[in-house]
Asker: 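I have a structure I would like to understand better, so I am pasting it below and will then ask my questions one at a time.
Quick note on labels: first sequence line is chain A, next is B, and so on, each numbered from 1.
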Number of protein chains: 2
Amino acid sequence: MGERKIRNMEEFASVSGISRPTVSKYFNDPTSVRASTRARIEAAIEQYDYRPNIYAMNQNRQLTKNIGIVVPYLADPFFGEIVRVIEMRCIEAGFSPSLFSSHGEPEQEKDILDTLRSLKPAGVLLAPLGRLSDKSAIETFCRDVPTVLFDSNIDGMGEAFVGSDNYSFVSQTVEYLSRTGEPPCFFEMKHPANPNANKRRRAYLDMMERLQLEPHVMQVDGSGWAFEEIGRKGAHDILNRQALPTNTVLCSNDRLAIGFLSACFEIGYKVGRSTGDDLRVASHDDHPFSRYTCPSLTTAAHDYGSVSGHAVETLFRLIESGGRFQRREETLFSARLIMRDSA
Amino acid sequence: MGERKIRNMEEFASVSGISRPTVSKYFNDPTSVRASTRARIEAAIEQYDYRPNIYAMNQNRQLTKNIGIVVPYLADPFFGEIVRVIEMRCIEAGFSPSLFSSHGEPEQEKDILDTLRSLKPAGVLLAPLGRLSDKSAIETFCRDVPTVLFDSNIDGMGEAFVGSDNYSFVSQTVEYLSRTGEPPCFFEMKHPANPNANKRRRAYLDMMERLQLEPHVMQVDGSGWAFEEIGRKGAHDILNRQALPTNTVLCSNDRLAIGFLSACFEIGYKVGRSTGDDLRVASHDDHPFSRYTCPSLTTAAHDYGSVSGHAVETLFRLIESGGRFQRREETLFSARLIMRDSA
DNA sequence: ATTTATTTTTTACGCGCGTAAAGATTTCAG
DNA sequence: CTGAAATCTTTACGCGCGTAAAAAATAAAT
């Protein structure tokens, strides 16, 4: 530890008794050198605490070891959890993840893509804003940088999409709700930013038709990413007008449901599936907070682990394939019904 | 737009009719060149869509334009919101923020500091894990990189700390609760990871002594960052044992309170400040979800905007001062009582 | 118009590392 | 032990830009 600080790879190579090109090769891919050489280098790294200058490394390399991760809204703990898994796997595979959040702003998303382009990443995992995304900006970006979309699909963009099967969410909740009580009406935002919302509405309509039940879609106003407040206000409005066509409400997503339940509590509606309860409420996503609503929220859960795991794995395959797939891949994971107390 | 792609600054300089050193100067600081020159360069940037290679730029620059942001736990929407404000201001000031989350893991935090060091950032905003942080790793890091701590203070580390005044939180809630009903007992984790928790307990004890009231501290088991579940389990335990010394509970933070309220609902305790309610519950932080608990949570709010704004401003000053302050700065912002329905 | 201060151009070198090519060395199968 | 294959060393160049220094051009002040 008492050794003086190594200034560059040249110096490091000389003190470790190995030629610089071999050291360089090692840092590009530790498995590309003989095991004995690798051991010597790693011993020297330990001893001298040397780390190559990442800027000089990336300057000439055609492909960096960076991976970009873009999420639409970090204040949603759902994405916090996804990011955790993704980052972990990137690091395990020897990549450096760079995390960005659009914070719900299309302008931000565009700027992030610009920034990412100049980072020359080996690949990017992009969860787009959805309806508000600048489609052409994303399209251009995907042509330059190997990209896997996740969470929200945008038709044809990127080399692959990995997400959850919205039909699987809705079919399970609708089936369960209509089997155990009154068939559900569907509660959602009028102009959802997220394309999954549209898929869920269609799945609801389809399921209701299959079951030969009459569908009711309740659409509430509101824009932005403050879903809870939109759900709460919308619920107040509907409940005060007594405009609910059934005693069972299926919310498009958990954050709306959280607001809905909060309104029910404020008004004094009892939510649950016991006798004496006024209303059943269920939803989709298994948001981290959904366990702690009052009552706890019956919902359909993303397969978090599989989605993030497969997204990363797909990106690695894409990188190894040189950034292009023969044809765009789409992988959807099924939901799992989470029975709690609200329905 | 039909122009062919510019490959480097040399080419860009020649097509824009300006010498390369001047162009380089411009990219270092646009205000350092004459206004007319700046206009010509910016017109050319627009026309040719040129962006300098960030790796080559940062290689030789003594100081990059990067700013590191480290948060302890991204799945907490509190930090999502803070990050949004911080990133915005960094970008406005011409810096590139790099976001990292320790995800509650001390090992991760250490790795992030290593990564950050090699990013050679102009400065770092660090919200440490707290008790579990590797203090010596952070200390070493702060010697190498100009760092401002925020959210959680660690004595003497970094050049400055910006956060909330825990005493201000607790004094307001305790004062309010004891003025309007039974004095509160204090509900917290036995081994809190976050140093703010300790400060809040001490503030509670101090306030109770001042008011000549008997303090009661209820400590529940549990480790990790799943505060809601720890709060819920702890509440179940305490409520089932009827071990609550008063009808008023002050939780150390909102996430514990969210779990506490969920347990109350499950057991059938009515929480609120109306006649007929069994229990009053209040807390601290004004977590984004605290508005949507049942009942909505009376709490004390961080001055989010001031904390994040002042943290960024302090870092900018630190950078301009060459990375060192005469003496360590500590800035604490007062809390604001948020009256809702739970107490 | 002349002087002075400011800005830009010209020229040139260096940063830390990637990488190519040719020769030397080591490893391992037979 | 021999020879081929794999790996390493030596040498050398280039990447895109920062930046220093001196000369030239421009702007501001007298």
Asker: Separation of B:L63 atom CG from D:dG18 atom P, in whole Å?
Answerer: 14 Å

Asker: Considering only heavy atoms and no angle criterion, is a donor-acceptor pair shorter than 3.5 Å present between the side chain of B:Q59 and the base of D:dG16?
Answerer: yes

Asker: Counting primed atoms plus P, OP1 and OP2 as sugar-phosphate and everything else as base, spell out the protein contacts along nucleotides 4-11 of chain D at 4.0 Å heavy-atom distance: B, S or - for each nucleotide, 5' to 3'.
Answerer: ---SSBBB

Asker: What is the distance, rounded to the nearest whole Å, between atom CZ of B:F27 and atom P of D:dT19?
Answerer: 15 Å

Asker: Are side-chain heavy atoms of A:V71 and A:F150 found at a separation under 4.5 Å?
Answerer: yes

Asker: What is the distance from CG of A:D29 to P of C:dG18, rounded to the nearest Å?
Answerer: 13 Å

Asker: With sequence neighbours left out, what residues match B:E159 under side chain to side chain donor-acceptor pair (under 3.5 Å)?
Answerer: B:R324

Asker: I would like to know whether A:S152 and A:N194 meet side-chain hydrogen bond (donor to acceptor under 3.5 Å, both in side chains); could you show each step before the answer?
Answerer: CA-CA 7 Å; A:S152 292; A:N194 194 304; 3.3 Å; yes

Asker: Please list residues of residues 112-122 of chain B whose heavy atoms come under 4.0 Å from any atom in DNA chain D, ordered by number; otherwise none.
Answerer: none

Asker: Using whole Å, report how far CE of A:M57 lies from P of D:dC17.
Answerer: 19 Å

Asker: Just the rounded figure in Å: distance from C1' of D:dG14 to CG of B:N8.
Answerer: 12 Å

Asker: Any donor and acceptor pair, going by atom type alone, linking the side chain of B:R51 with main-chain N or O of A:R117 inside 3.5 Å?
Answerer: no

Asker: Between A:N58 (CG) and C:dG18 (P), how many Å, whole number?
Answerer: 9 Å

Asker: With a 4.0 Å cut-off, would you call A:E81 and A:R84 a salt bridge?
Answerer: yes

Asker: Looking at C:dC17, I'd like to know if its phosphate oxygens (OP1 or OP2) sit under 4.0 Å from a side-chain N or O belonging to A:Y50.
Answerer: yes

Asker: Is a salt bridge present between B:E139 and B:K135, judged by a nitrogen-to-oxygen distance below 4.0 Å?
Answerer: no

Asker: Quickly work out the B:E11 CD to D:dC15 P distance and round it to whole Å.
Answerer: 12 Å

Asker: For A:F78 together with A:Y73, are the ring centres under 6.0 Å from each other?
Answerer: no

Asker: Whole-Å distance between C:dA12 P and B:M9 CE?
Answerer: 20 Å

